[in-house]
2 protein chains.
Amino acid sequence: MLSNSCRYGIRAIIYLASLPQTKGKTGIKQIAKDLELPTPFLAKILQQLAKQKILNSTKGPHGGFSLLKDSKNITLLDIVKTIDGEEIFTNCIIHNETCSSVDRSKKSCPVHDDFSRVRTDLIKLFRNKTIYDLVRTAKSEEIFI
Amino acid sequence: MLSNSCRYGIRAIIYLASLPQTKGKTGIKQIAKDLELPTPFLAKILQQLAKQKILNSTKGPHGGFSLLKDSKNITLLDIVKTIDGEEIFTNCIIHNETCSSVDRSKKSCPVHDDFSRVRTDLIKLFRNKTIYDLVRTAKSEEIFI
DNA sequence: AGAAAAAAATATTCTTATATCTTTTTTATG
DNA sequence: CATAAAAAAGATATAAGAATATTTTTTTCT
């Protein structure tokens, strides 16, 4: 459903958000090591998130990544849109193109109505779930990312 | 969300189910042409469905494919399981492995509970939706597959 | 039996996502 | 200013899904 890139991105942001406030930048190597993800691949992803002003990145000694926005203002939807785009929210489940909810000139498909209900729930979930929420849940349930 | 293979398979089955009862076998070329799908690729998919006893296939002159089961007894879930497997129903959205709803020994992930609600709805949809339903919907709304 | 039609099986190519490697740029610090 | 640390950028490799091409098997019909 989500690409690896997107999942890695989400996990990295949860990771950064769960570090103590006092911690400044964190290097890519450290992040990749702790999350057991491929370093250069993760770097690419974090660069995309930095371009979208979700992350802050600084080069040079003591450089690294940190959250640019407050974790209460970063939703799963922000990350998914940045990395995977909006296709998963618009594409039909059985056709390649988008269904008529988006483009009214096209005839609908027979699964359309039922599926769009489920999809709407999914979008709501992504839109309402902030990184702050996730970190809180993770901490209260002693879950590691 | 679903692979191309799976979507093509679903469409082919809806296609076959919407043919008049009197029609016997339909050749792969005909199906591929009408649905505008790549012929040999679609053939592979229909072979999988034939192995799962969803379709009937016969070789030789006047051979082709037809439904083996009544369209009321074929659900979307049957097709999805056959072609894409069960991963989409078990995999976590942010981890690679399955979450703890399946394997209780693993710690859950922070999105788990919310996501599994949406996923359960999706599974219900796939399980309850029969090909017969889809053909009826398509006909009543003058939709083509 | 032989020819033709059709699916099955096999092998190959193409494309894209995933992953890695190398070089370049930036910046803090001695 | 020189050096080193770190990310950015670019180029390259790998794997999987998607698509195509070719050969084989099965079956019907003459």
Side-chain angles (χ1 to χ4, degrees), chain A residues 1-13 16 23-68 80 82-85 87-88 91 94-96, chain B residues 1-12 16 23-33 35-68 80 82-85 87-88 91 94-96:
Chain A
M1 170 163 240
L2 300 180
S3 69
N4 278 358
S5 299
C6 192
R7 293 198 307 233
Y8 296 173
I10 292 170
R11 289 176 60 197
I13 290 188
L16 288 173
K23 180 106 178 58
K25 309 282 177 192
T26 308
I28 181 72
K29 280 181 201 159
Q30 183 71 48
I31 303 172
K33 189 185 155 209
D34 287 346
L35 296 178
E36 297 176 35
L37 298 176
T39 308
F41 189 49
L42 183 60
K44 288 276 163 62
I45 297 161
L46 298 194
Q47 283 164 29
Q48 285 184 270
L49 292 165
K51 274 191 192 130
Q52 285 298 314
K53 310 288 183 199
I54 294 170
L55 290 183
N56 191 281
S57 87
T58 51
K59 296 180 175 182
H62 309 294
F65 293 90
S66 63
L67 291 191
L68 188 53
V80 173
T82 299
I83 299 176
D84 280 351
E87 293 78 30
I88 67 161
N91 276 0
I94 67 170
H95 294 101
N96 285 310
Chain B
M1 170 164 237
L2 299 181
S3 69
N4 278 359
S5 299
C6 191
R7 293 198 306 235
Y8 295 173
I10 292 171
R11 290 175 59 196
L16 288 173
K23 179 106 176 60
K25 309 282 177 194
T26 307
I28 181 71
K29 280 182 200 158
Q30 183 72 48
I31 303 172
K33 189 184 156 209
L35 297 178
E36 297 176 36
L37 297 177
T39 307
F41 189 50
L42 183 60
K44 288 275 170 61
I45 298 161
L46 299 194
Q47 283 165 30
Q48 285 184 267
L49 292 165
K51 276 193 193 129
Q52 285 299 313
K53 310 286 183 200
I54 294 170
L55 290 182
N56 191 281
S57 88
T58 50
K59 296 180 174 183
H62 309 296
F65 293 90
S66 62
L67 292 191
L68 187 54
V80 173
T82 299
I83 298 176
D84 281 351
E87 293 78 30
I88 67 161
N91 276 0
I94 67 169
H95 294 101
N96 285 311

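All heavy atoms count here, side chains included; hydrogens, waters and symmetry mates do not. Below, chain A is the first sequence line, B the second, and so on; all start at residue 1.
- The separation between Q48(B) atom CD and dA18(D) atom P is 11 Å, rounded to whole Å.
- The two residues C6(B) and D84(B) have their closest heavy-atom pair at CB-OD2, 3.3 Å.
- Residue Y8(B) has a polar side-chain atom (N or O) positioned under 4.0 Å from OP1 or OP2 of dA19(D).
- If you measure from atom CD1 of I28(A) to atom P of dA8(D), you get 8 Å, rounded to the nearest angstrom.
- S66(B) and G24(B) get closest at one heavy-atom pair: CB-O, 4.1 Å.
- Between I54(A) and L68(A) there is no side-chain heavy-atom pair separated by less than 4.5 Å.
- Summarising the geometry of I83(B) relative to S5(B), their closest heavy-atom pair is CG2-CB, 3.7 Å, with the distance given to 0.1 Å.
- Atom CG in N4(A) sits roughly 12 Å away from atom P in dA16(D) (whole-Å rounding).
- Between S5(A) and H62(A), it is S5(A) whose nearest contact on DNA chain C lies nearer the 5' terminus.
- Between chain B and DNA chain C, the heavy-atom contact criterion of under 4.0 Å yields a 5' to 3' nucleotide range of dA5(C) to dA11(C).
- I45(B) and G9(B) get closest at one heavy-atom pair: CG2-CA, 3.8 Å.
- Closest approach of L46(B) to A12(B), counting heavy atoms only: CD2-CB, 3.8 Å.
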Counting primed atoms plus P, OP1 and OP2 as sugar-phosphate and everything else as base, spell out the protein contacts along nucleotides 10-15 of chain D at 4.0 Å heavy-atom distance: B, S or - for each nucleotide, 5' to 3'.
BB----

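- Between L37(A) and I31(A) there is no side-chain heavy-atom pair separated by less than 4.5 Å.
- G60(B) comes within 4.0 angstrom of a base, heavy atoms only.
- Scanning residues 29-41 of chain A for heavy-atom distances under 4.0 Å to DNA chain C yields P38(A), P40(A), F41(A).
- Within the 4.5 Å cutoff, the side chain of L2(B) has heavy atoms near those of the I10(B) side chain.
- Pairs of residues two or more places apart, or lying in two chains, never qualify as side-chain hydrogen bond (donor to acceptor under 3.5 Å, both in side chains) while including a residue from residues 36-54 of chain B.
- Applying the side chain to side chain contact (heavy atoms under 4.5 Å, CB included) test to T58(A) and every residue at least two apart in sequence or in another chain returns K25(A), N56(A).
- Listed nucleotides dT27(D), dA8(D), dA5(D) differ in distance to F65(A); the shortest reach to its side chain belongs to dA8(D).
- For the pair R7(B) CZ and dG17(D) P, the interatomic distance rounds to 15 Å; values are reported in whole Å.
- Residue L55(A) contributes atom CG, which lies 10 Å from atom P of dA8(D) at whole-angstrom precision.
- For F65(B), there are no ring-ring contact (aromatic ring centres under 6.0 Å, His included) partners, not counting sequence neighbours.
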